[in-house]
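To start, the structure under review is shown below, and the notes come after it.
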2 protein chains.
Amino acid sequence: MGATQGRRPPVMADVAKEAGVSHQTVSRVLNEHPNVRSETRARVMEAIDKLGYRRNLVARALVTKHSRTLGVVSFDTTLYGPASTVYGIEQAARGAGYFVSIVSLKSIDKIGVSDALDYLADQGVDGIVVVAPQRSAAQALGELPFGVPTVAVEGGEAGDVSVVCVDQVRGGRMATEHLLSLGHETVWHIRGPSDWLEAEGRVAGWRAALEQAGRQAPEPLAGDWSPRSGYEAGRSLASMKDVTAVFVANDQMALGVLRAFTEQGVRVPDQVSVVGFDDIPESEFFSPPLTTIRQDFGAVGRHSIEVLLRQIEGQGSHERERLVVPPSLVSRASTARR
Amino acid sequence: MGATQGRRPPVMADVAKEAGVSHQTVSRVLNEHPNVRSETRARVMEAIDKLGYRRNLVARALVTKHSRTLGVVSFDTTLYGPASTVYGIEQAARGAGYFVSIVSLKSIDKIGVSDALDYLADQGVDGIVVVAPQRSAAQALGELPFGVPTVAVEGGEAGDVSVVCVDQVRGGRMATEHLLSLGHETVWHIRGPSDWLEAEGRVAGWRAALEQAGRQAPEPLAGDWSPRSGYEAGRSLASMKDVTAVFVANDQMALGVLRAFTEQGVRVPDQVSVVGFDDIPESEFFSPPLTTIRQDFGAVGRHSIEVLLRQIEGQGSHERERLVVPPSLVSRASTARR
DNA sequence: CGCGGATATGTTAGCGTTAACATCCCGAGT
DNA sequence: ACTCGGGATGTTAACGCTAACATATCCGCG
């Protein structure tokens, strides 16, 4: 309980002396080695308590070669998606007894990612999760120079590493099919930045669904995930006569679209139906509440840790895994029958 | 460039042998010690390159007693505020050459916070930033058992540690005064959970502004930061006749309020003016765009690292600092003259 | 021509822990 | 009684690095 006020914090040897045993026995107690008399164990525990001893994990890591720290590389953890994913990763990692060291990149380019990887490898992490939603980031994973187990989240077919991701194509397809099933002739799309794999996947799903239904796919409008870009695309769409259904690549842009439509007097869903992507907490309270494709970021985070730990702990198996989390449709008031 | 494929990764001694110097000289090169002939330096660098050597920061930390890692304890990094703050912290820390280890708590209670603190202290972090927006979390900082420099973000008058925070009271006052200046007789308030210091501060500012203007403060409505709670409070307000101005304690709840008003046919800002708090990226595209109090989370993160590093590097000075970041009013279309 | 004091390098000794091996003790088996 | 085996403990040696001190080496100057 109490902490004795020595100048320097107590070390194992101090505890050993206090308990009248060798430092190795203290180590055994701490590591729950079976061959320790329970009486001795009690004495050691008491000494630990008395001196307020805490083991030095750095020294431990030096000799065991395991830091029990995982590295996470992510891009703009201010956005809901990455933030939720990282949160899920952190929770899962801690649950498994690992610390998490995070590097948040501003711009995700090859250099940035390799630097971050180096940075983490230097620090001696046992494994790394890279949230690599951009093609350029995924490519940086191609040539991992060191032997640290790595998992990519949303990393496409990236390099030689295991991947955990949400089925973006399926999500895009679901959104589009939902609109089609409501009787819309075709579906317009506001896409994310072209470097993003998620954006590509959603476009692909949207296009596939339209083709399968034998409909013409209009030219997708470009956005950058921000509400403003959605707003601008929305203004363009509002001025066009034949638009009755829009699939927007994320909820933030969808908000911008709704705003633009409201301003232009386009009623949603009476005149135009809108579907978003992500299901951020706000979506349910947009005007109107947004129909959207929900991504289970928490599950993605958890799975990525599972895969990573499997790779770390069963060191031998170099099996590259690929885990796909299905999205789901959340139907609200922004979509209606044509 | 290339990595020699030895079984075990090269260590300093290997580089030393390769370069024909002692390992200490290698260490000197790595630490940019001045007294090394530039020719020797070049030879060492070459050897490092050739062997693909990377220094072992764990061993380094063991002897220097500095891990160059900072711990961050936060609550629900899924929310925009905490996420942005943590992001700012991480950027600033990395800029200063530090790693960041994060623990995200689900519920912030005394036990959770102390556990997290222990956890980080065990890992040997050089300092800790606790994002402690709740009273209970702030209290947990009261009895810090170990000698790790610590800074609280949004920690109120917490314990014995330095604090960096946004002036919540001033923010609440600004929001209220803005509404009053538009000619509203009084201002209603939807507050955050009572355990949160930020919520308290905003209530205090709101109340102070009303009192100063000689107005009666109506009973504040309770929310929990979620859009849903705002929606429910909004429904209550919509049914009341004399409500013309509402100050909502965060933007997410304000969204719920706008939704409720829209549903009930209450027009914003014609019939009721609404002010939020935070200025999340979405606020500009609400219907109508939300007038709100902007918090500069990035600045808070940066300042907290500055204060922490000052504490770490100038070890002697135990000066407890208190740094307050001013909020600012962002005026948009959700407020209008009465 | 040798000596002082830089400057450049090498040598030694930890940092606090765990791994590996050595030792001690006690009860069982013959 | 005497060994043998294994449980409980102690001793020693790393782990890879930096700090501190020791040792060249070189230059200028009296």
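Every chain is numbered from 1, with letters handed out A, B, ... down the list of sequences. Because the structure is a prediction, the values reported are computed rather than measured.
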Atom [atom1] of [X] to atom [atom2] of [N]: distance rounded to whole Å?
X        : N      : atom1 : atom2 : answer
A/Arg41  : D/dA8  : CZ    : C1'   : 11 Å
A/Leu62  : D/dA13 : CG    : C1'   : 13 Å
A/Lys65  : D/dG16 : NZ    : C1'   : 8 Å
B/His66  : D/dC17 : NE2   : P     : 18 Å
B/Leu57  : D/dC17 : CG    : C1'   : 10 Å
A/Asp122 : D/dG16 : CG    : C1'   : 14 Å

Fill in the blank from the handout: Students should find that the end-to-end axis angle of the helix from C/dC1-D/dG30 to C/dT30-D/dA1, with five pairs defining each axis and rounding to 10 degrees, is 60°
Completion exercise
Whichever of B/Ala59 and A/Asn31 has the more 5' nearest nucleotide on DNA chain C, that residue is B/Ala59
Completion exercise
Whichever of B/Arg43 and B/Val63 has the more 5' nearest nucleotide on DNA chain C, that residue is B/Arg43
Practice task
Tell me what B/Val58 touches on the nucleic acid: a base, only sugar-phosphate, or nothing, going by heavy atoms under 4.0 Å.
Solution key: nothing
Practice task
Identify whether any heavy atom of A/Thr25 sits under 4.0 Å from a base atom; if not, whether one sits that close to sugar-phosphate; answer base, sugar-phosphate or nothing.
Solution key: sugar-phosphate
Practice task
Check if the side chain of A/Arg28 and the base of D/dG10 share a donor-acceptor pair of N or O atoms closer than 3.5 Å.
Solution key: yes
Practice task
Compare every heavy atom of A/Ala19 with every heavy atom of A/Arg43, then report the nearest pair and how far apart it is.
Solution key: NH1-O, 2.6 Å
Handout entry: Residue met sooner reading DNA chain D from 5', once A/His23 and B/Leu30 are mapped to nucleotides
Key = A/His23
Any chance the side chains of [X] and [Y] put a donor and an acceptor closer than 3.5 Å?
X        : Y        : value
B/Ser114 : B/Asp118 : no
A/Thr69  : A/Gln123 : no
B/Thr77  : B/Ser104 : yes

Exercise for the section: Could you tell me the separation between the CD1 atom of A/Ile102 and the CD1 atom of B/Ile102, rounded to the nearest 0.5 Å? Expected result: 4.0 Å
Exercise for the section: May I ask you to check whether B/Phe297 and B/Tyr87 place their ring centers less than 6.0 Å from one another? Expected result: no
Handout entry: Pair B/Tyr80 + A/Tyr80: ring centers closer than 6.0 Å
Key = no
Completion exercise
With a 4.0 Å cut-off (strictly under) to non-hydrogen atoms of chain A, the first and last hit nts on DNA chain C, 5' to 3', are C/dG16 to C/dA20
Is the shortest side-chain N/O distance from [X] to OP1 or OP2 of [N] below 4.0 Å?
X       : N     : answer
A/Asn35 : D/dT9 : no
A/Arg37 : D/dA8 : no
A/Thr40 : D/dA8 : no

Problem - Ionic contact status for B/Arg8 with B/Asp14, cut-off 4.0 Å - result: yes
Exercise for the section: May I ask you to say whether B/Arg302 pairs ionically with B/Glu306, meaning some side-chain N is under 4.0 Å from a carboxylate O? Expected result: no
Problem - Nearest to side-chain heavy atoms of B/Gln24, which nucleotide of D/dA13, D/dC17, D/dT18 - result: D/dT18
Exercise for the section: Starting from the C-alpha separation in whole Å, work towards a yes-or-no answer on salt bridge (charged side-chain N to carboxylate O under 4.0 Å, His left out) for B/Glu90 and B/Arg94. Expected result: CA-CA 6 Å; B/Glu90 197 274 338; B/Arg94 192 142 46 86; 3.0 Å; yes
